[in-house]
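Below, all heavy atoms of this structure are taken into account, side chains as well, without hydrogens, waters or symmetry copies. Letters A, B, ... mirror the listed sequences (proteins, then strands); counts begin at 1.
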Amino acid sequence: MKTKFFLLDADYITEKKKTFIRLWGKTEEGKNIVVFVKEEPYFYVLPKNSKQAKEEILALLKEKKKEIKNISLVKRTWMGEEREFLKITCLLPQDPPKIRDIVKTLEAKRGGSGSVIEEYEYALNFYRRFLIDHQIDGNCWLEVEGEEVTTKYKVDLAIKADRVIVLDEIHLPPLKILAFDLETYEQAGEKEIVMASFYTQDKQTVLTNQKANYPDWVKVVNGEKELLKGIIKTINEINPDIIVTFYGDAFDFQVLNKRCKAHKVKLIISRDNKETKFARRARVSSARLNGVVHIDLFHFISNILAPNLQTEVLSLDAVSAELLGDKKLEVDYQEMLEAWRKGKNLAKLAEYCLKDAFLTYRLADIILPQIFEIARTVGQILFDVSRMTYGQLVEWYLSRKAHEENIIIPNQPKYEDIIKRRQATYIGGFVKEPKAGLHENIAVLDFRSLYPSLIVSFNISPETLNCPCCQDDGYQVPGLNYWFCKQKEGFIPHVLRNLIEKRAEIKKQLKKMDKSSLAYRVFNNRQYALKVIANATYGYFGFAGSKWYCKECAESCTAFGRFWIKKTIAAAEEAGFEVIYADTDSLFLKTKKGDIEKEATVFLEEINRKFPGILELDLQGFYVRGIFIPRGAAPGTAKKRYALLDKKGELLIRGLETVRRDWCQLAKELQRQVLEYVLKDRDIEKAKKYVREVVKHIRQKEVPLSALILYEELTRPLETYKQLSPHVMAARKLKESRGEVGEGMLVMFVITKGPGSISERATPVELVNSINEIDTEYYVYHQIVPAALRILQVLGVKKEDLV
DNA sequence: TCCCAGCGGGG
DNA sequence: GTGTACGCTGGGA
């Protein structure tokens, strides 16, 4: 029987020493399907002498009583050369690393006979390896041939298949997408779930255990345990293919899991009836529901989209404002606590909760198609791809390409090597420090994909570095004793060149397409996916955890980059521009003679004729005014900081927004206001006056106490702190007064007047009776003045001008 | 100056 | 172990 379906998720199970890949998906008719495919794990051994190595390996495995399926001799490319490898096929997915541990004892460097030099690809994740080997384009249409089997899974169809064929179709099957959000109430670090919202195309509902008068889309249950059961039941009834959350990995699913454990409720949402698992990852674990894809949009926004977003704050509120033009319902934290405590305004909270799910759903509308295309490009599944950083996307893309070209995938560095690699620094991009202060009529130019262009143009790759064939006439790296091969294209330039060409081809086709068509949207996302990978390749060379790490390659990219941007700066100055700031691949220009727009356009045309290969300078935009703050000009100016005002009156802010919760509300708002006065009103005096006003208000205690609260979290048990920072001291006082203080508690405190350090005077807000107890000078000198000076210092404003 | 610890996202 | 991994900043010592 032949069946066609769209792949959504992949994992594996082991049954009686046999391993099956599970492919979860959806048929064209909308049936949920699972396909089992038998697969065997394997890895490679690079032998010094293959006959001897094979004999010794077999003897050793016999001695250790370790079973394998077989050993065969294969040819693979390694560091640009074809070599003979032993391919060891194993029985179970966990075997390759274990058997590798035995085989490695034969290496000479580990005191063995030396018949084995090294082992490869023993730590590749099993289902990811499967996708690579079968050239499956991540989430794509597949055709399988096999027979139907019965399972206890929540699916309409289960098939045991022997053949998987990849189909080239762009449409999506009917998918049910659910956005979901929780509200919790925290006391002494202990969180309880009090509300949940669900948003799908045809069902929007809120569930809560807090009694009040609600609209009819809110359902009230009795107690938290019933609420948990209700949440699970609601999700299972909706039976979504994809669940989207905003920060669900680190918050919603974590809390849900914890509270389910506390009430002994089983958190089963998966299609194989297994409890929700948390796949361990770098900083947060990911909630994985077998057969149902959980996408936490925050990862993709923070890992991939952030550099291209205006906002530096990645909250649901700020991201929605930018991408959707919509915002969260306004409810501040104090107001929310009050509502839960006193049962006040709960209908508003229900609306707030549903709005969050609604925004998440709408963000998914935009973001999911992008992730789908990246998944197809990289060749891995949605769940993983949606959580990858740039480096990981590049790595899996290269792994897939390596397999296509019979190239061995290099090993991941060991932890000690990562540490060592981190110490090996090299010179980065060229930065011409900005001329501090305000500038008018600015043109911003930048190189189109500078580093990918350089990698392709100068054949920058680990195997082409200092090749013996081009000692005298290779691509010489400016200022370094390296060269790259001119004879043979390296693996990475080869992959990148194809990628850039493919993208150019897609962009050409896009011009002919109807913008409202499905094909247009799909191909536009595809060219974006290719761009994402191309632009990340340089960083990947220099990333310490990278499999294709090559410090010399990364160093050469920046060296070529510096060479060309300096040349461009010189040319711009020659052409009569003032270069007010330049960083790596961008230049900020002013002109004294004539119109900046005309001048810059002419300059662009001229300079682009002179560049080699595919190097090209683009116009990023024109700006009416900008403020530039050099490194070290004010506290907290480690990275690039500037703000530009465009012709439409929109502000483009980089590196200035500070929204840490250890800053009080008043300071955060003040900084934004100062920036607007300076850029929009062009009035430094007004900004100064405004700051002095705020200082006066604080000193006269004319500000609400709530604007002065600092929020900091107790991340560990109170007793374990060596360093008695302000929030720790405040928490101690809280414990004295009411006894309950728990790990994970958000300490809300203010700095009160009196003797001692800031810490000693940090007081829980609930122990403060009036604004008169506040240490106004702390707020003036540690909050307001630094926030203002961060911007105003470069305009010649001094502390004394503000207080 | 160095070191410790929190932030970020969520609520 | 379906591995792991940040970079910056404020405050105390």
Review point. A:L337 near the nucleic acid: base, sugar-phosphate alone, or nothing, with a heavy-atom cut-off under 4.0 Å?
Key: nothing
Exercise for review: Round to a whole Å and report the spacing from CD of A:E760 to C1' of C:dA13.
Suggested key: 13 Å
Point to revise | Nearest-angstrom distance from the residue atom CZ of A:R387 to P of C:dA5 | key: 17 Å
Practice item. Check every strand shown and say whether A:P93 touches a base, only sugar-phosphate, or nothing at a heavy-atom separation below 4.0 Å. Key: nothing
Exercise for review: Mind checking A:D384 for me? I need base, sugar-phosphate or nothing, with any heavy atom below 4.0 Å counting as a touch.
Suggested key: nothing
Check your understanding: Does A:Y333 make a side-chain N or O approach to OP1 or OP2 of B:dG10 shorter than 4.0 Å?
Key -> no
Exercise for review: Indicate, with a heavy-atom threshold strictly under 4.0 Å, whether A:I301 touches base, sugar-phosphate, or nothing.
Suggested key: nothing
Exercise for review: Between C:dC8 and C:dT4, how far apart are the P atoms? Round to whole Å, please.
Suggested key: 23 Å
Review point. How would you label the contact of A:F246 with the nucleic acid (heavy atoms, under 4.0 Å): base, sugar-phosphate, or nothing?
Key: sugar-phosphate
Exercise for review: Round to the nearest Å and state the distance from A:M336 atom CE to B:dG10 atom C1'.
Suggested key: 10 Å
Review point. Are any of the side-chain nitrogens in A:E777 or A:K753 under 4.0 Å away from the carboxylate oxygens of its partner?
Key: no
Exercise for review: Could you walk me through whether A:K104 and A:D101 pass the salt bridge (charged side-chain N to carboxylate O under 4.0 Å, His left out) test, one step at a time?
Suggested key: CA-CA 5 Å; A:K104 76 180 180 192; A:D101 279 344; 3.2 Å; yes
Practice item. Assess whether one donor atom and one acceptor atom, taken from the side chain of A:E186 and the base of B:dG11, lie less than 3.5 Å apart. Key: yes
Revision key, fill the gap. A:D317 CG to B:dG11 C1', in whole Å, measures 14 Å
Check your understanding: For B:dG11, does OP1 or OP2 lie under 4.0 Å from any side-chain N or O of A:K328?
Key -> yes
Check your understanding: Honestly, is A:R288 close enough over A:F383, meaning NZ or CZ under 6.0 Å from the six-membered ring centre and within 45° of the axis?
Key -> yes
Check your understanding: Given atom NE2 of A:H782 and atom P of C:dT9, what is their separation to the nearest angstrom?
Key -> 18 Å
**Study point:** Short side-chain N/O contact to C:dG12 OP1/OP2 from A:R761, under 4.0 Å
**Key:** no
Review point. Which part of the nucleic acid does A:Q254 contact within heavy-atom distance under 4.0 Å: base, sugar-phosphate only, or nothing?
Key: nothing
Review point. Contact class for A:Y778 (heavy atom, under 4.0 Å): base, sugar-phosphate, or nothing?
Key: sugar-phosphate
Point to revise | Phosphate contact (C:dG3 OP1 or OP2) by A:N125 side-chain N/O below 4.0 Å | key: yes
Practice item. Using a heavy-atom cut-off of under 4.0 Å over every strand shown, decide if A:D249 touches base, sugar-phosphate, or nothing. Key: nothing
**Study point:** Option passing side chain to side chain contact (heavy atoms under 4.5 Å, CB included) with A:H299 (candidates A:L297, A:I295, A:I301, A:D296)
**Key:** A:D296
Exercise for review: Indicate, with a heavy-atom threshold strictly under 4.0 Å, whether A:F126 touches base, sugar-phosphate, or nothing.
Suggested key: nothing
Review point. For A:Y352, which contact category applies under a 4.0 Å heavy-atom criterion: base, sugar-phosphate, or nothing?
Key: sugar-phosphate
Practice item. Inspect the surroundings of CZ in A:R259 and state if more than 12 heavy atoms from other residues, nucleotides or ligands are less than 6.0 Å away. Key: yes
Exercise for review: To the nearest Å, give me how far apart CE (A:M729) and C1' (B:dA5) are.
Suggested key: 16 Å
